[in-house]
Novice: 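Have a look at this one.
Here is how names work: the chains are called A, B, and so on, in the same order as the sequence lines, proteins then strands, and each is numbered from 1.
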There are 4 protein chains.
Amino acid sequence: MCSRTNPRSSRTGRPRSTEADAAILEATREALVELGWSKLTMGDVAGRAGVAKTTLYRRWANKSELVVDAVAVLFDELELPDLGSLRADVEHVVLQFAALLERPETKTALMAVVAESTRDEPLRRRIRASIVDRQKRLVLEGRMRAQRRGELPADRDLPAVGATDDLIFDVIAGAVVHRALVSAEPVDGPWVARLSALLVGGLGAAATAGTPNA
Amino acid sequence: MCSRTNPRSSRTGRPRSTEADAAILEATREALVELGWSKLTMGDVAGRAGVAKTTLYRRWANKSELVVDAVAVLFDELELPDLGSLRADVEHVVLQFAALLERPETKTALMAVVAESTRDEPLRRRIRASIVDRQKRLVLEGRMRAQRRGELPADRDLPAVGATDDLIFDVIAGAVVHRALVSAEPVDGPWVARLSALLVGGLGAAATAGTPNA
Amino acid sequence: MCSRTNPRSSRTGRPRSTEADAAILEATREALVELGWSKLTMGDVAGRAGVAKTTLYRRWANKSELVVDAVAVLFDELELPDLGSLRADVEHVVLQFAALLERPETKTALMAVVAESTRDEPLRRRIRASIVDRQKRLVLEGRMRAQRRGELPADRDLPAVGATDDLIFDVIAGAVVHRALVSAEPVDGPWVARLSALLVGGLGAAATAGTPNA
Amino acid sequence: MCSRTNPRSSRTGRPRSTEADAAILEATREALVELGWSKLTMGDVAGRAGVAKTTLYRRWANKSELVVDAVAVLFDELELPDLGSLRADVEHVVLQFAALLERPETKTALMAVVAESTRDEPLRRRIRASIVDRQKRLVLEGRMRAQRRGELPADRDLPAVGATDDLIFDVIAGAVVHRALVSAEPVDGPWVARLSALLVGGLGAAATAGTPNA
DNA sequence: CCCTAAGCGAGACGGTACGTCCGGTCTTACT
DNA sequence: AGTAAGACCGGACGTACCGTCTCGCTTAGGG
């Protein structure tokens, strides 16, 4: 989670405090809630965590990387219970994702680090590894479940993420983010229903038309 | 475009320089290209524009509002020529939007101001007015054209933006933004084809299923 | 009083408002009382005087010159009534000068413009002409009066300011200024009595010892 | 000398750099010489000292306090060698003080901080402690020496500064300052001779007249 | 009675310094 | 070697003033 420069952490000297790690990440989330991304400062986080600024910089290279780590864990809460149909599964995951984006920590932090990452390749990689790629499992799981149910044709290598999975992921996540943050309108039941209908309908149409996925 | 507090600008005193307005916005775009959002500074922009810092602050309350105005004009370049089919029109607008997001000015700026707007209501309004709402005309135009062609059922009040228009807008814009900035993968021909197929298929499915949404 | 660049003020055009002149100087004194030298601003003075900043700069080149003019008039209030003896006259003028220096306008302004004048030759000349030289009449008058009384030998060209006059002037004014502003202790009766005794005694000693003045 | 808020400087953390202290004060004097009081800026001083602006503000609250500290040390150079007579001693100290006031650092700075101190009680205290009170030792020393020689009656408590000492101090310092800065005329041999004669004569007259002042 | 040159209020302008804040590094002494 | 404390450099912030300018308007006196 934190950025150990050397892979096999050196054997000698005082070991790093794991309590500090947790306190810092918690303090970061707290500061995000109270202050938002742009007014969050490293000094403030250190103060809240009862830790010296040095201790932050020993673990994270800069503010962006710290915030990515602090927020990433929240994305692991997403789950995909089997609700019996593809459409129900889609609605559920959209609502979960929307609820996550309504939390002030994520709302203020996510787009900020993404914006930052357009000029910071290491940060981009960290975001992919810590947040983006991990969520694709939800799409993969949902798709395979639908294939097992027969809602989608089962002609693809099952356990790997395909191009359509990527597309669905970008559409779902992108639509929710855009609705919530850019359009700044509520991601509520009716909207989610319409989005899910569009997606399931589109997937179904593609399936019947022959399957043009990579 | 810039923030004149006084609607009918006061008759007295030296009038504001419109040349300065233009020079500042141009300098802002230039600085965004060279430096990106987070390294762009008001002082630097003032320097490039050959203008005093105070002149910037007399017009814009902060960096975010300035950047919104500087970038907004780029979104007006989007057009929607009639390519003969709904799918072709969708592909075209997606590609245009993707090209816009590939420009370094917009890539670095758009998500940054959106992130900032989560804590800044006036900024949010400015983004909506200057960028978001203006682009919805493309969706409206495309939908009405498809209805005229008979590709979509014509059962809605034509000139107003409806709930499905909003949905389509969020899906297209959100998917492109997410693909380009979050997933950080190319918005290329195949991906656009798949997205367009999904959307057109979904809209068609909804139409045949007879869902008369508002 | 105010700085007309060309001596014979041009015949044509709208004449300068003499009311503005007075209002500005009064406003300057008022601002000096309330704010002191360093926090007095030209804009504030203009506002108090109900006048545009341009009108100030048309008359005075800068803040220092304005303040010199505003304060100079106060020094004209000093008088030298004949109290019957050199010592009484000296005590009286010292007390008057001390009272003048206790006024907040002069206290804060005098040393400030003097300090400024160490790097500003025109200002130095203006101070001399407007403030310093005018007060020497008091010394001259007092000395001539004492000579008429026979308290001092009458062997000098009467109406001109001599070297000893200059010395006495610097000693009196300097001692009072130093006591009031630098030592920051009260210029009260006992102190004035001691100073006057010292001066009159010194002058007397010089007179009896032969008169070694220029 | 510099403003440590904490009397016993805290044991923890990185200690303040004493080299920075010295460099800043030296840079301040240098800037005073080159620019004078009113054009000296904190940023410029920081630059000359090779130090960040924050380092200045960590030590001094404002420009005035910094300049007082920078200039105070110069006043410690004054000495009072025994020249054999009260009058010679007086002449010597006056010349020394005049030479000090001719230095551009002091000429421009002294009256400026005094002017500032009329509205700034802490600054006034600092000036008294750092500059004024320290110089009174010269008057005290000179007076006691004259008493030992028998030039002045020895009827006062020897080691303490009395009211006449204060008077003499204000007269000497004030006269020199006024001559040099306000009248803006040279403090040369003849003038110093006249001033010394006046003072010694006045003190003698007071002594013979039997004025046992406090 | 208009013409013209200057004064005037208002307020934007370029410039410069302010004093504060933060990022990220460093130097202490202690653990 | 990690840690808390806090000083350090660098640099941007947003504000305040300075002294200048550019407007449109006013106010005389001279033709």
Novice: Nearest whole angstrom, please: distance from the C1' of F:dC9 to the CD of D:E19.
Specialist: 15 Å
Novice: Where each residue is assigned the nucleotide of DNA chain E containing its nearest heavy atom, which of B:S17 and C:A20 is assigned the position nearer the 5′ end?
Specialist: C:A20
Novice: Looking at A:E65, is its backbone amide N or carbonyl O close enough to the side chain of A:N62 to form a donor-acceptor pair, meaning the two atoms are under 3.5 Å apart?
Specialist: yes
Novice: Between A:R124 and A:D120, is any pair of side-chain heavy atoms under 4.5 Å apart?
Specialist: no
Novice: For nucleotides 29-31 of chain E, print each protein N/O atom paired with a nucleotide N/O atom at under 3.5 Å, atom names and distance only.
Specialist:
from	atom 1	to	atom 2	distance (Å)
E:dT31	O2	A:R14	NH1	3.3

Novice: Output the rounded distance in Å from CG (C:D21) to P (E:dG7).
Specialist: 12 Å
Novice: Under the rule for side chain to side chain contact (heavy atoms under 4.5 Å, CB included), what residues qualify as partners of A:A70, not counting sequence neighbours?
Specialist: A:L25, A:T28, A:R29
Novice: Which heavy atom of C:V45 sits nearest a heavy atom of C:L66, and at what distance?
Specialist: CG1-CD2, 4.4 Å
Novice: So, using side chain to side chain contact (heavy atoms under 4.5 Å, CB included) as the criterion, who are the partners of C:A112 when residues are at least two apart?
Specialist: C:W37, D:A115
Novice: Give the rounded distance in Å between these two atoms: NZ of C:K63 and P of F:dT20.
Specialist: 15 Å
Novice: Please state how far atom CZ in B:R58 lies from atom P in F:dC17, giving the value in whole angstrom units.
Specialist: 14 Å
Novice: Taking all atoms of both residues into account, what is the closest heavy-atom pair of C:R119 and D:V33, and its distance?
Specialist: NH2-O, 2.5 Å
Novice: Got a donor-acceptor contact below 3.5 angstrom from the B:K63 side chain to the B:L40 backbone?
Specialist: yes
Novice: Calculate the interatomic distance between D:W60 atom CH2 and E:dG19 atom P; express it in whole Å.
Specialist: 15 Å
Novice: Residues from residues 41-57 of chain D sitting under 4.0 Å of DNA chain E, heavy atoms only?
Specialist: D:T41, D:M42, D:G43, D:K53, D:T54, D:Y57
Novice: So which one's nearest nucleotide on DNA chain F is more toward 5', C:K39 or B:K39?
Specialist: B:K39
Novice: Please enumerate all residues that pass side-chain hydrogen bond (donor to acceptor under 3.5 Å, both in side chains) together with A:E19, with sequence neighbours excluded.
Specialist: none
Novice: For F:dT26, take OP1 and OP2 only and decide whether either is under 4.0 Å from a side-chain N or O of C:R16.
Specialist: no
Novice: Going by the rule side chain to side chain contact (heavy atoms under 4.5 Å, CB included), which residues pair with A:S38 if we only count those two or more places apart in sequence or in a different chain?
Specialist: B:E116
Novice: What does D:N62 touch in the nucleic acid at a heavy-atom separation under 4.0 angstrom: a base, only the sugar-phosphate, or nothing?
Specialist: nothing
Novice: Under 4.0 Å between a side-chain N/O of C:R59 and OP1 or OP2 of E:dC8, yes or no?
Specialist: yes
Novice: To the nearest angstrom, how far is C:E65 atom CD from F:dC18 atom C1'?
Specialist: 15 Å
